[in-house]
Undergrad: 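One structure coming up, written as C-alpha cells, with questions to follow.
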Amino acid sequence: MSLTSILSVEGITKRFGKITAVDNLSLNLEQGYIYGLLGPNGSGKTTTLGIILDMIRADAGRYQWFGQPLTKEARKKIGVVFETPQFYPYLTAIQNLRLIATIKDASPETLDELLRLVNLFDRRNSKFITYSLGMKQRLSIAAALIGDPQIMILDEPTNGLDPQGISDIRELIKKINTRGITILLASHLLDEVQKVCTHVTVLQHGKKLFDGKVHDVLAIDDAIEVNADRPDMLRSVLEENENVNKVLTENKLLLVVTKPGYPVRSLHEYLISKGIIVTHLAVRKRSLEKHFLDLLKKEEK
Ligand SMILES: Nc1ncnc2c1ncn2[C@@H]1O[C@H](COP(=O)(O)OP(=O)(O)O)[C@@H](O)[C@H]1O
Ligand SMILES: [Mg+2]
C-alpha cells in the first residue's frame with residue numbers, strides 16, 4: 001500500500017433481505033484527488049458510504065482508513081456532508097459551528113475563516129432557520145471542515161438546489177480540494193461527476209461497472225473526424241499508421257480512432273508527411289454519459 005492511501009475498500013457486500021445493495025465492491029482512494037461514486041438512484045452509493053463510515057455493518061469485505069482500521073482519531077480526519085443538513089434551527093450559523101467545534105474538540109479560531117470560505121461570513125449571525133437550502137448546504141460543508149479533515153465525503157450535495165446553488169457547491173468542492181483535501185462525492189449526475197471529479201467509479205445494482213480517471217474515460221474511443229483532398233488515398237494511409245486502431249466511414253468523413261495518448265497533432269503531421277492535404281480535422285469527444293449509457297445497456301442484455 002502506498003503512503004498516500006486515504007481509503008482502501010476490499011470486496012464489501014451488503015444485503016437487505018433479497019436486495020444486494022452493495023456487491024463485492026472495492027475502492028482505492030489516494031490523497032489529493034476528487035473521486036466520484038456515480039450511479040442511478042438505488043445503486044448502493046449511500047449504503048457504501050454508510051459502511052465505510054462504520055454506520056452500517058457489511059456482510060462481507062474489509063476497509064481501511066489511512067492504512068488502518070477506523071479509529072476514533074481517524075474518524076476526526078473525515079469530514080462528512082450528507083443529504084440533509086443537521087443544525088439547531090434557532091441558533092445562528094456561528095453558534096452552530098461553535099457547538100460542532102466543541103464536540104469535535106477543535107479550535108474555534110478557524111471558524112471565521114471557514115465561514116468566509118463558504119461565503120457565509122456576512123450571514124454568520126443569522127439563525128439557521130432563515131437560511132436557504134444552498135446556504136444550509138454550504139454551512140454543512142463549513143462544519144465538515146472543522147477539525148482539519150484529510151478527506152471530505154459528500155452524498156448528493158447538490159440535490160434540490162437551484163442552478164446557482166449547484167454551481168456554488170461544485171466550485172466550493174474544487175476549492176476545498178486545492179487545499180489538499182481528498183474528496184469522495186456520491187452523485188447520480190453524470191454531468192456533476194464530469195465537471196468536478198478527477199476519478200470515477202460507476203455503480204449499478206451495487207456492483208462496480210467501471211472505474212478510472214475521468215479523463216481516461218472521456219478519452220476512450222475519442223474519434224477524430226478527417227477529410228482530405230484525396231479521400232480515396234486517405235483511408236489506406238490512415239490504416240498504415242500503427243497508432244490508428246480503427247477507421248470508420250461516416251457520410252463524407254472518415255472517423256479515426258487512435259491509440260490512447262496519440263495526439264491529434266501527430267496524426268495531422270503524419271498525414272502531411274504522406275503528402276495529404278487535410279481539409280477537415282476535428283476531435284469528437286465521446287462523453288462519459290454515452291460511455292455510461294453503453295455500459296448500462298450492456299449490463300441489461
Ligand atoms: N435500510 C435499508 N433497508 C432495506 N433496503 C435498503 C436499506 N437501505 C438501502 N436499501 C436498498 O439498497 C439499495 C441501495 O440503496 P442506496 O445505497 O440508498 O442507493 P443510492 O444511494 O445509490 O441511491 C436500494 O435498493 C435500497 O432500496
Ligand atoms: Mg443515496
Undergrad: Between K195 (side chain) and E171 (backbone), is there a donor-acceptor pair under 3.5 Å?
TA: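 Checking the backbone N and O of E171 against the side chain of K195, no donor-acceptor pair under 3.5 Å is found.
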Undergrad: Heavy-atom count check: over 12 atoms from other residues, nucleotides or ligands less than 6.0 Å from E242 CD?
TA: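 No, CD of E242 has 12 or fewer neighbouring heavy atoms, counting only those of other groups under 6.0 Å.
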Undergrad: Taking side chain to side chain contact (heavy atoms under 4.5 Å, CB included) as the criterion, tell me which of L184, T198, T4 meets it with Y33.
TA: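 One option only clears the test, and that one is T198.
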Undergrad: If you count every heavy atom of other residues, nucleotides or ligands that lies below 6.0 Å from R75 atom CZ, does the total exceed 12?
TA: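 Enclosed.
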Undergrad: Flag yes if more than 12 heavy atoms outside L248 fall under 6.0 Å of its CG atom; otherwise flag no.
TA: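 Yes.
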Undergrad: Using the rule side chain to side chain contact (heavy atoms under 4.5 Å, CB included), only one of L238, T258, V257 pairs with K246; which is it?
TA: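 In the set L238, T258, V257, the residue that makes a side chain to side chain contact (heavy atoms under 4.5 Å, CB included) with K246 is V257.
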Undergrad: Just wondering, are more than 12 heavy atoms of other shown residues or ligands nearer than 6.0 Å to NZ in K104?
TA: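 For K104, atom NZ is crowded (more than 12 foreign heavy atoms under 6.0 Å).
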Undergrad: OG/S140 to CZ/F87 distance, rounded to the nearest 0.5 angstrom?
TA: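 Nearest 0.5 Å value for the OG-CZ distance: 4.0 Å.
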Undergrad: Count the heavy atoms of every other residue, nucleotide or ligand shown that sit under 6.0 Å from NZ of K175, and state whether that count exceeds 12.
TA: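 Check fails, neighbour count at 12 or below.
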Undergrad: Under 4.0 Å between a side-chain nitrogen and a carboxylate oxygen: does that hold for E113 and R116?
TA: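 No, no charged N to carboxylate O under 4.0 Å.
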Undergrad: To the closest 0.5 Å, what do you measure between CG (N227) and OG1 (T279)?
TA: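 Result: 4.0 Å between the selected atoms.
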Undergrad: Looking at Y88, I'd like to know if its OH atom is crowded, meaning that more than 12 non-hydrogen atoms belonging to other residues, nucleotides or ligands lie closer than 6.0 Å.
TA: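 For Y88, atom OH is not crowded (no more than 12 foreign heavy atoms under 6.0 Å).
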Undergrad: Within a reach of under 6.0 Å around NZ of K252, are more than 12 heavy atoms found that belong to other residues, nucleotides or ligands?
TA: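 Check fails, neighbour count at 12 or below.
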